Amino acid sequence: MVNKPTSKALSELRAQVMPPGLTSGTSQYVASAKGAFVYDVEGNEFIDFAGGIGVMNVGHCHPKVVEAIKDQAEKLTHTCFMVLPYEPAVKLAQKLCAITPGDFPKTAIFVNSGAEAVENVVKIARYHAKKTGIIAFENAFHGRTQLAMTLTSKVKPYKFGFGPYAPEIYRMPIAYCYRCPFNLEYPGCDVACADHLNYFLITHTAPETTAALIVEPIQGEGGFITPPPEYFSKLAKICKDNEILFIADEIQSGMGRTAKMFAIEHWNVEPDLMTVAKSFAAGMPIAAVVGKEEVMASIHPFGVGGTYGANPICCRAALAVMDVFEEENLLQQAEALGQKVRKRFDQFKEQFEIIGDVRGLGPMLAMELVKDRETKEPADEAAKALVQSCLKKGLVILACGTLGNVIRILMPLNIGEKELNKGLAIMEEGFTEISKK
Ligand SMILES: Cc1ncc(COP(=O)(O)O)c(C=O)c1O
């Protein structure tokens with residue numbers, strides 16, 4: 001037991017009882033959180049623009065969510081849905097099927113984490129299609145379990161030394177316009193990177209053996225890479241023509257993060273299958289696979305499931321999150337937030353040479369840092385320095401990107417004006433500081 005819960009004491013104990021491979025970005029230990037604020041064990045306050053990696057779209061400890069968790073904890077915490085089912089899971093499936101894109105009958109299953117949702121969506125797609133090949137993308141992140149890790153693109157730190165990887169995964173370049181893999185420029189390129197899928201289906205895999213394509217509408221860990229408006233409809237059409245299922249991994253981009261409930265709606269594409277997690281239940285561990293009824297129905301009885309999947313407390317938390325979206329008009333708030341932050345980030349780009357690109361949709365926004373705007377040499381050390389500088393000033397932000405040089409924001413969609421402005425002012429100070437170096 002730690003007698004005195006200081007961050008220092010906890011760090012020392014941790015070093016003895018937890019391995020270094022499970023790493024944290026800070027040595028501060030948190031005790032509580034509320035809305036857009038977190039408080040460490042020393043009582044210091046931080047504005048949270050990270051939301052536990054995109055989990056807190058409704059804000060920390062939202063009273064509605066807390067109330068639902070407490071209420072359910074007193075009634076029923078676990079029976080295993082496969083042994084004795086209960087109402088909150090069924091209601092949640094009904095709700096999720098209603099809010100996800102696609103004007104067709106859908107069904108949903110619940111599991112415990114994003115990676116587990118990814119594992120299951122691939123199982124379901126392969127079973128339905130009776131094919132095994134899966135197309136994933138460069139810069140993708142889909143989780144850390146064996147199959148999800150294989151689908152993930154970046155080798156260090158996610159995959160390095162953890163092989164052998166799962167078979168039958170084929171990786172294609174994504175529409176990363178700032179660093180176009182085809183050295184073209186939008187819109188003159190005519191989105192050739194999407195048409196490339198036709199060629200890819202000859203050179204890397206074949207339609208007859210390819211079950212699905214899985215893609216994040218805006219790549220999260222990969223650096224908030226945001227394809228142009230034509231991209232996903234082109235990909236979806238090629239998939240349809242070749243009887244390949246289109247899977248949207250909305251784990252980071254979903255639940256209002258882009259000011260639409262799901263990011264793929266910006267492209268007017270209706271995925272066959274989707275994965276949802278993170279902000280789905282405001283920090284309670286639950287994720288979902290939702291998709292076309294006929295695809296989901298392929299699986300034989302007991303073909304999917306798990307001991308904790310669809311935990312009733314988690315389901316109630318997720319239902320409360322859905323209520324908060326409706327009652328607080330969270331999508332509208334997200335739209336306004338996105339516009340405000342975008343404007344400020346565009347100003348930052350004018351002020352600071354180090355910002356090479358500002359991108360994203362709604363409030364899912366990021367800035368890519370470069371040493372030189374011409375060469376686009378990644379400024380990954382500067383990104384790290386900015387994160388640390390902001391942390392010292394009381395703001396939590398996250399870096400991401402395959403090259404480690406992207407700064408992303410994932411604050412609550414209902415963040416107050418005052419804390420938003422304060423957080424942005426700290427970012428500006430941080431940029432001034434790193435630009436001097
Ligand atoms: C797009 C995407 N898919 C899957 C995952 C994996 O989710 P989890 O960490 O809950 O396993 C993540 C996590 O960052 C993600 O961003």
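For ligands, and for the atoms within them, numbers begin at 1 and follow the listed sequence. Fair warning: this is a prediction, and the values are worked out from it, not measured in the lab.
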Participant: Looking at the rings of Tyr158 and Phe141, which for Trp means the six-membered one, are their centres under 6.0 Å apart?
Facilitator: yes
Participant: Under 4.0 Å from a heavy atom of Glu216: give me the atoms of ligand 1 that qualify, with their elements.
Facilitator: 1 (C)
Participant: Using non-hydrogen atoms of the residue, decide whether Lys278 is closer than 4.0 angstrom to ligand 1.
Facilitator: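 It does; at least one heavy atom falls under 4.0 Å.
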Participant: Which residue and atom name correspond to the protein heavy atom nearest atom 16 (O) of ligand 1, and how close is it?
Facilitator: Gln252 NE2, 2.9 Å
Participant: When you measure from atom 8 (P) of ligand 1 to every protein heavy atom, which one gives the shortest distance, and what is it?
Facilitator: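 That would be Gly114 N, 3.5 Å.
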Participant: Considering both backbone and side-chain atoms of Val118, is one of its nitrogen or oxygen atoms within less than 3.5 Å of a nitrogen or oxygen in ligand 1?
Facilitator: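 For ligand 1, there is no N or O atom that lies under 3.5 Å from one belonging to Val118.
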Participant: Is it the side chain (CB and beyond), the backbone, both or neither of Glu116 that lies under 4.0 Å from ligand 1, heavy atoms counted?
Facilitator: neither
Participant: Donor-acceptor pair, distance only, cut-off 3.5 Å: does the side chain of Asp40 make one with the backbone of Gln28?
Facilitator: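 Judged by distance alone, no pair lies under 3.5 Å.
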Participant: Strictly below 4.0 Å, N to O, side chains only: are Asp323 and Lys64 in salt-bridge contact?
Facilitator: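 Answer for the salt bridge query: no.
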Participant: Under a 4.0 angstrom heavy-atom cut-off, which atoms of ligand 1 come close to Ile251?
Facilitator: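 Reading through ligand 1 atom by atom, the close ones are 2 (C), 3 (N), 4 (C), 5 (C), 12 (C), 15 (C).
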Participant: Of all the heavy atoms in Ile53, does at least one lie under 4.0 Å from an atom in ligand 1?
Facilitator: no
Participant: Do you see a protein non-hydrogen atom under 4.0 Å from atom 3 (N) of ligand 1?
Facilitator: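 Flag for atom 3 (N) of ligand 1 set to true, protein heavy atom closer than 4.0 Å.
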Participant: Indicate yes or no: does Glu221 engage Arg408 in a salt bridge with an N to O separation below 4.0 Å.
Facilitator: yes
Participant: Just by modelled atom types, is the Ala136 backbone N or O under 3.5 Å from a matching donor or acceptor in the Arg171 side chain?
Facilitator: no
Participant: Counting only heavy atoms, tell me which of Pro285, Ala115, Gly54 gets closest to atom 11 (O) of ligand 1.
Facilitator: Ala115
Participant: Looking at Thr150, is its backbone amide N or carbonyl O close enough to the side chain of Lys159 to form a donor-acceptor pair, meaning the two atoms are under 3.5 Å apart?
Facilitator: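 Such a contact is found between Lys159 side chain and Thr150 backbone.
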Participant: Can you spot which of Asn242, Ile238, Leu197, Asp272 makes a side-chain contact (heavy atoms from CB on, under 4.5 Å) with Leu213?
Facilitator: Leu197
